> 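Supplied in C-alpha cells, the structure appears directly below.
Note that this is a predicted model, so its numbers are computed, not measured.
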Amino acid sequence: MKTLVITGASSGIGKATAELFAAHGYKVYNLSRHGESTPQIVHIPCDVTDEEQVQQAIRQIIGQEGRIDVLVSNAGCGISGAIEFTASAEMEHQMRVNFFGTVNVVKAVLPYMRQQESGRIVLMSSVAAVLPIPYQAFYSASKAAVNAYGLALRNEVAEFGIRVSVMMPGDVQSGFTKAREKNIQGTDIYPHLQNAVATMERDEQNGMSTKAIALKLWRIAGRRCPAPLYTAGAQYHLFVFLERVLPKRLSNWIVRLLYS
C-alpha cells in the first residue's frame, strides 16, 4: 500500500484529493489544523507554519508506514486588499502559510524520500503566480515564490529519484472563496478594489470543481516523468500561454482590464 501525505485536506481541493487517492488504495494522511479521521483518511492535527509540529507528524507517519510515496502540499489561505493598506502582519501570515508552510513540509519529508530513493512531490500554486492579480498581490507573490521554490527543488532532488511538480489551478469552486480575508481599507483611493475582488470571487464560484483538480493531481502523481509546471482547464492553459508569448506590458494591461 502506497502512502500519501497531504496538507489542508479537511475541505476543498485537499479533501477531494485525499478521497480520490484513498479510493485508489493509498493510505492517506491529512495534516491540517482542523478535521477528523475517517476509515480511509487519517487526520493528524498540524499547523504547517509550525516546523516542529510538521516534523513530529512526519515522524509519526514514518513510524507507522515506513515510507512516504507522495506528498501534496496543498494547505493555503488568501487575503485581498490594496497593497498600500495591507498590514505587515497580514503580509507575513500570507507568506508563512502559503510559502513557508510548503517549505516546512517538504523539508520534513525529503530525508525519507532520499533514503528510499523515490517519491513524488506536488506543490499547489495558482495561475495567479504567473498572472498577478490586482488587490491580491500578496497571494500572487506567495504562489510565485512556490513556483520558484518548486523548480529549484526539482533540480536539487532529481538525482535521488524524487520527482517534483507544481500545480497551478485557475478558478475553483470551493470554500476558499468564503475563507478569504478581505481588507476594504482605501476604497476611497482605489475605487476598483471592491469590484475587482467581487469579479475574482464570482469567477471562482463559476470555476472548476475540486474533483477535477483532484483528478489532475492523481494523474500527475502517477506520471513516470511529470512536467515541472501544470495547470488545469483549457482557458487557463491559454492564459498561461499568452502570458509567455505576449509582451509583459500587454499581458499585464489585459489583467488590469479584467479586474477594473
Side-chain angles (χ1 to χ4, degrees), residues 12-13 73-74 76-86 90-91 94-95 97-99 102 122-155 164-174 176-177 180-184 186-187 189-210 212-213 216-217 219-220 226-260:
I13 293 172
S73 180
N74 167 75
C77 66
I79 64 173
S80 64
I83 292 172
E84 182 180 351
F85 292 94
T86 302
E90 293 175 315
M91 305 175 200
Q94 181 76 101
M95 294 300 295
V97 176
N98 290 4
F99 178 63
T102 292
V122 185
L123 310 180
M124 291 298 293
S125 178
S126 170
V127 169
V130 294
L131 289 166
I133 300 174
Y135 308 110
Q136 197 178 216
F138 298 103
Y139 177 79
S140 293
S142 71
K143 293 304 186 179
V146 169
N147 281 19
Y149 171 81
L151 292 174
L153 177 69
R154 178 183 173 93
N155 286 336
V164 180
S165 297
V166 179
M167 175 62 181
M168 302 186 298
D171 296 313
V172 179
Q173 302 175 39
S174 73
F176 187 87
T177 302
R180 178 181 286 109
E181 295 185 13
K182 294 189 282 289
N183 178 357
I184 61 171
T187 51
I189 300 172
Y190 297 98
H192 297 300
L193 191 163
Q194 289 182 296
N195 183 64
V197 175
T199 298
M200 177 173 56
E201 296 192 335
R202 183 178 64 248
D203 291 344
E204 289 170 349
Q205 291 307 298
N206 291 302
M208 296 173 290
S209 70
T210 56
I213 304 302
K216 185 78 173 182
L217 291 170
R219 289 172 175 168
I220 293 170
L229 295 172
Y230 288 92
T231 188
Q235 63 178 321
Y236 302 108
H237 283 285
L238 176 61
F239 292 159
V240 171
F241 172 75
L242 290 176
E243 189 278 332
R244 290 173 181 165
V245 299
L246 293 177
K248 182 61 69 177
R249 178 179 294 185
L250 177 57
S251 64
N252 203 42
W253 177 75
I254 292 171
V255 172
R256 178 184 175 188
L257 288 183
L258 291 173
Y259 293 97
S260 61

> So which heavy atom on Y230 is nearest to which on S165, and how close?
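Result for this residue pair: CE1-OG, 3.8 Å.
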
> Between T231 and F239, does a side-chain contact (heavy atoms from CB on, under 4.5 Å) hold up when you go through it step by step?
CA-CA 10 Å; T231 188; F239 292 159; over 6 Å; no

> Kindly indicate whether the side chain of N183, heavy atoms from C-beta on, has any atom under 4.5 Å from the side chain of I79.
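SC-SC contact between N183 and I79 ruled out.
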
> Taking only distance into account, with no hydrogens and no angle test, what donor-acceptor pairs under 3.5 Å do side-chain atoms of residues 122-132 form with protein atoms, sequence neighbours excluded?
from: S125; atom 1: OG; to: K143; atom 2: O; distance (Å): 3.3
from: S125; atom 1: OG; to: N147; atom 2: OD1; distance (Å): 2.6
from: S126; atom 1: OG; to: A128; atom 2: N; distance (Å): 3.0

> Contact between M200 and E204 at the side-chain level, heavy atoms closer than 4.5 Å - yes or no?
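Answer yes - side chains close enough.
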
> Give a yes or no on this: more than 12 heavy atoms of other residues, nucleotides or ligands lie within 6.0 Å of atom CG of L242.
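Check passes, neighbour count above 12.
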
> Could you measure the distance from the CG atom of L193 to the OG atom of S80? Nearest 0.5 Å is fine.
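Output value for this atom pair is 7.0 Å.
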
> At what distance, to the nearest 0.5 angstrom, does CD of Q173 lie from OG of S209?
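Here the interatomic distance stands at 7.0 Å.
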
> Where is the tightest heavy-atom contact between Q205 and S174, given as atom of each residue plus distance?
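Heavy-atom minimum between the residues: NE2-O, 3.7 Å.
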
> Minimum heavy-atom separation for Y139 and C77, please, with both atom names.
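Looking at all heavy atoms of both residues, the closest pair is CD1-O, 3.5 Å.
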
> Could you walk me through whether Y236 and M208 pass the side-chain contact (heavy atoms from CB on, under 4.5 Å) test, one step at a time?
CA-CA 11 Å; Y236 302 108; M208 296 173 290; 3.8 Å; yes

> Near L238 CG, under 6.0 Å, is it more than 12 heavy atoms from other residues, nucleotides or ligands?
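More than 12 within 6.0 Å, yes.
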
> For the residue pair T210 and G12, what are the closest heavy atoms and their distance?
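Of all heavy-atom pairs spanning T210 and G12, the closest is CG2-C, 3.7 Å.
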
> Quick check: do I220 and M167 have side-chain heavy atoms less than 4.5 Å from each other?
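Of all side-chain heavy-atom pairs linking M167 with I220, at least one is under 4.5 Å.
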
> Do Y259 and N195 get their side chains close enough for a donor-acceptor pair, meaning under 3.5 Å?
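Judged by distance alone, the side chains do not pair up.
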
> Can you measure from CE (M91) to OG (S142) and round to the nearest 0.5 angstrom?
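M91 atom CE to S142 atom OG measures 13.0 Å (nearest 0.5 Å).
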
> Looking at I213 and A232, what are the two nearest heavy atoms and their distance?
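Shortest heavy-atom separation between I213 and A232 comes out as CD1-CB, 3.8 Å.
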
> Are any side-chain N or O atoms of N74 and backbone N or O atoms of I13, one a donor and one an acceptor, separated by less than 3.5 Å?
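No, because the side chain of N74 does not come within donor-acceptor range (under 3.5 Å) of the backbone of I13.
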
> How about F85 and I189: do any of their side-chain heavy atoms sit closer than 4.5 Å?
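Side-chain contact under 4.5 Å: yes.
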
> Please test L229 against L151 for side-chain contact (heavy atoms from CB on, under 4.5 Å), starting from the C-alpha separation and ending with a verdict.
CA-CA 8 Å; L229 295 172; L151 292 174; 4.2 Å; yes

> Distance-only check: which donor-acceptor pairs under 3.5 Å involve side-chain atoms of residues 243-255, not counting sequence neighbours?
from: E243; atom 1: OE2; to: K248; atom 2: NZ; distance (Å): 2.2
from: S251; atom 1: OG; to: K248; atom 2: O; distance (Å): 3.2

> Heavy atoms, side chains only, cut-off 4.5 Å: are Q136 and R180 in contact?
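Sidechains of R180 and Q136: in contact.
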
> Please tell me whether Q194 and Y135 have a donor and an acceptor in their side chains that are separated by less than 3.5 angstrom.
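No, no side-chain donor-acceptor contact under 3.5 Å.
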
> If I compare all heavy atoms of E84 with all of Y190, which pair ends up nearest, and what's the gap?
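So the minimum-distance heavy-atom pair works out to OE1-OH, 2.7 Å.
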
